[in-house]
Amino acid sequence: MSESRLLIFEIYRDGAHERTERLEQDVVKIGSHAKSHIFLEDANVSRVHAVVEVTGDDVFVIDLGSGKGTTVGGQRVNKQKLSHGDRIGVGGYELVIRFHEVGERLGAGGAGGGSAAVVVETDDEIYTRRFLRRAEHSDGSVEAAMLFRDLVIVDDLYQPPTTLKVGSGADCQFQIESDLIPGGEIVLLEVSSGEPVLLLREGMEGEIWVGDSHFTPAEAMASGRATPAGDVWRLALTGETRARIVLGELVFFLRRSEIPKFVFPIKREWRAAGLALAVSTLIQGGLILVSLLMPPEVGELAMEREAQLNRYVQMLLVKPEEKKPEEKPEWLKEKQEADKKGEEKSDKSKPEEKKPEDKPEEVTELARAEARDEAMNRGAVDVLNQLGPSNVFGGDAAAGVAELEAIGGVSDTGLGQSYGQGGLGKFGGGLAGGGGRLSTGVGGGAIGVGRSGGSNVGGNLREVSDRKVRTPVVSSQPFTLTGALDMDIVRRVIAEHRREIVACYETELQKLPELQGRIDVEFVIGPDGAVGGTKLKASTMKNEAVHACVQRRVKQWRFPEPKGGGTVRVSYPWIFTSGG
């Protein structure tokens, strides 16, 4: 028999008392995640910020690698033993812890057992605490969630509000098949005139809160709080309304909320980057200022040089005017005519010299032959012949020069007659043939995708009432650690991310029902607490998808900074079994 403690947390924000949490369990999660035992809405609070753990007669607070850290009495700590009345600082909150003994409780081993039992909250309890608490602010959004057998199926935020349907239809936001849904589809929330209205039906259970008063759906229908409209009762979902509706094994949560605002954390490395950016901006601004202060004479000198160059180019391009021959005087013309007549008389006495006959045809054919030889030996055709048809066209070298004839028109057929036959057409049956294959390939691919999409969509409809629920089991064994970091802290951080590892295994288990085995992953924690690298050390599962998923998840984790800097090497095993 061992005694358990009731942990009482007085929660203060900015010096004002906000609420009191009473928890009778050995592990208390603190963070901004909705499933935290102590839920703190603050941009400076990590999703899983810290835990308070009861170990025997001692109570410890353990920081789980949060960005802003955890303090006890104003001092930042990684793991610290707590005393009655200690003040724990988390983000903008301060938690005053008090201990109260609540008597004896059986341990895990029954009567006379050693350790105290751990109280584990269900998802239904966590979502009930989250949704039935009055929201501090609302921008008109509607937050809704659906659980089936304590498994979260849907958790979403709708802005602007929209009509929410439950059923197997393609337009249903909550897609599920169940005999509990009359007609296979019902409207849970209706938005007709801008304001969302909750539709209640007979057989629904649960609780509805409006302000500080609460009642069941049956009481709302009987008391007139909900207005009858045919076979349903309408109840406005205002900013003060929170609802938990139970329909057999289905549980629905609805309330008004707001889209969370992103607050960018400024870390030391970002400060350095900002300083570098500021220096760069200052330098560039100085260069711009110098260019603006440059005297105008420098620019005018460059313009004058450019103008001189333009005038010089124009002088080179303009042709000089042709000078007309000057007219000769009359006396000079008469003298030249007389001299010409005298020369003709003297030439008649000489025998005529025979001029060689011109042979234009022979000279033309010879010139053509020389030009053709020059082109074949030194022109572009010679270059093409050296490259070969295989290099130019990508085909095989046996094609010869038929392609060159088709392109250049060397043969009588020409490009037009070789199109699709002897020229370009030899490759893939011509351009038309190649296009035909391309069209057929694309068309066939589209038809194939259509069939695949149709079969998958059809296969995704689930018959919940007939489905066998398989509960995957992920357990671990002792692990090894080398470095300046507490093993309890590492174990606790890994335990907080257990659902991520389960999700990696569960995804592949749907495809391979018999999939199971052990995976050993080795990873290194850097001086800043971030995981620097991972390696698959050993595996009996032999499934690459699970290997890659687990290593990808581990790389995203963050641990407390090791004492004195340095790195920490961890080798951690997981054992996966498919369950019942």
Within-4.5 Å side-chain heavy-atom neighbours: Leu515 and Ser578: no

Steps toward side-chain contact (heavy atoms from CB on, under 4.5 Å) verdict (Ile8, Ile97): CA-CA 6 Å; Ile8 301 178; Ile97 186 170; over 6 Å; no

Check: Trp574 ring centroid to Phe576 ring centroid under 6.0 Å: no

Atom of Ser83, atom of Phe99 and distance for their closest heavy-atom approach: C-CE1, 3.7 Å

Side-chain heavy atoms of Leu157 within contact of Val142, under 4.5 Å: no

Sub-4.5 Å side-chain heavy-atom contact between Val521 and Val570: no

Any side-chain heavy-atom pair of Leu235 and Val197 under 4.5 Å: no

Distance-only donor-acceptor check, side chains Asn543 and Tyr505, under 3.5 Å: no

Whether Glu219 side chain and Thr216 backbone form a donor-acceptor pair below 3.5 Å: yes

Closest heavy-atom pair and its distance - Val77, Asp63: O-CB, 3.7 Å

Side chain to side chain contact (heavy atoms under 4.5 Å, CB included) partner of Glu190, the single match among Thr162, Leu164, Leu199: Leu199

Residues Glu24 and Arg22 bridged, charged N to O under 4.0 Å: no

Minimum heavy-atom distance Phe131-Leu254, with the two atoms named: CD2-N, 4.0 Å

Cation-aromatic face contact Arg225/Phe215, 6.0 Å, 45 degrees: yes

Asp171 with Lys165: basic N within carboxylate O range, under 4.0 Å: yes

Candidate pair Trp557 and Glu496, rule side-chain hydrogen bond (donor to acceptor under 3.5 Å, both in side chains), full reasoning: CA-CA 10 Å; Trp557 295 351; Glu496 289 299 328; over 6 Å; no

Non-hydrogen side-chain atoms of Leu132 and Tyr127 separated by less than 4.5 Å: no

Aromatic plane relationship, Phe174 with Phe252 - under 30° parallel, 30 to 60° tilted, over 60° perpendicular: parallel

Check: Ser46 main-chain N/O paired with Ser32 side-chain donor or acceptor under 3.5 Å: yes

Trp233 (side chain) donor-acceptor with Ala229 (main chain) under 3.5 angstrom: no

Option passing side chain to side chain contact (heavy atoms under 4.5 Å, CB included) with Ile519 (candidates Ile575, Val546, Val474): Val546

Pairs meeting criterion ring pair (Phe, Tyr, Trp, His ring centres under 6.0 Å) with involvement of residues 16-36, two or more places apart: Tyr12-His17

Side-chain donor or acceptor of Arg255 paired with backbone N/O of Arg133 under 3.5 Å: yes

Distance-only side-chain donor-acceptor flag, Thr20 / Glu10, under 3.5 Å: yes

Considering all heavy atoms, the nearest Ser539-His547 contact: OG-NE2, 2.7 Å

Side chain Gln173, main chain Thr163, donor-acceptor under 3.5 Å: yes

Step-by-step side-chain hydrogen bond (donor to acceptor under 3.5 Å, both in side chains) determination, Gln25 to His37: CA-CA 10 Å; Gln25 54 195 73; His37 299 116; 3.2 Å; yes

Donor-acceptor contact below 3.5 Å, side chain Arg256 vs main chain Leu237: yes

Arg47 CZ: over 12 foreign heavy atoms closer than 6.0 Å: no

Nearest-0.5 Å distance that lies between atom CZ in Arg13 and atom CG in Leu95: 12.0 Å

Nearest-0.5 Å distance, CD1 of residue Ile208 to OG of residue Ser213: 10.5 Å

Spatial distance of atom CG (Leu485) from atom CG (Asn78) [nearest 0.5 Å]: 7.5 Å

Ionic contact status for Lys35 with Asp124, cut-off 4.0 Å: no

4.5 Å side-chain heavy-atom contact, Gln551 and Phe523: no

Side-chain donor or acceptor of Thr70 paired with backbone N/O of Val90 under 3.5 Å: no

Shortest non-hydrogen contact from Leu509 toward Pro472: CD2-CB, 4.0 Å

Over all atoms of both residues, closest heavy-atom pair of Arg558 and Val493: O-CG1, 3.8 Å

Polar side-chain atom of Gln175 near backbone of Gly169 as donor-acceptor pair, under 3.5 Å: yes

Spacing of Ser571 atom OG and Asp520 atom CG [to the nearest 0.5 Å]: 5.5 Å

Pair Asp486 + Arg492, salt bridge at N-O below 4.0 Å: no

Evaluation steps, side-chain contact (heavy atoms from CB on, under 4.5 Å), between Leu481 and Arg569: CA-CA 6 Å; Leu481 181 147; Arg569 185 175 298 274; over 6 Å; no

Trace of the side-chain contact (heavy atoms from CB on, under 4.5 Å) decision for Ile30 with Val52: CA-CA 8 Å; Ile30 304 173; Val52 173; 3.9 Å; yes

Ring-face cation contact, Phe60 with Lys81, 6.0 Å cut, 45° max: no

Interatomic spacing from OH in Tyr93 to CG in Leu40 - rounded to 0.5 Å: 5.5 Å

Side-chain donor or acceptor of Glu522 paired with backbone N/O of Lys537 under 3.5 Å: no

Donor-acceptor pair, side chain of Asp42 and main chain of Gly92, under 3.5 angstrom: yes

Student check: side-chain heavy atoms of Asp488 and Lys79 closer than 4.5 Å: yes

Arg130/Phe253 under side-chain contact (heavy atoms from CB on, under 4.5 Å): CA gap, chis, key distance, verdict: CA-CA 10 Å; Arg130 167 186 161 190; Phe253 295 92; over 6 Å; no

Distance (rounded to the nearest 0.5 Å) between Leu198 CG and Leu200 CG: 4.5 Å

Exceeds 12 heavy-atom contacts within 6.0 angstrom, atom CG of Asp212: no

Donor-acceptor side-chain pairing of His497 and Gln556 below 3.5 angstrom: no

Between Ser476 and Tyr572, a side-chain donor and acceptor under 3.5 Å: yes

Phe148 side chain reached by Val251 side chain, heavy atoms, under 4.5 Å: no

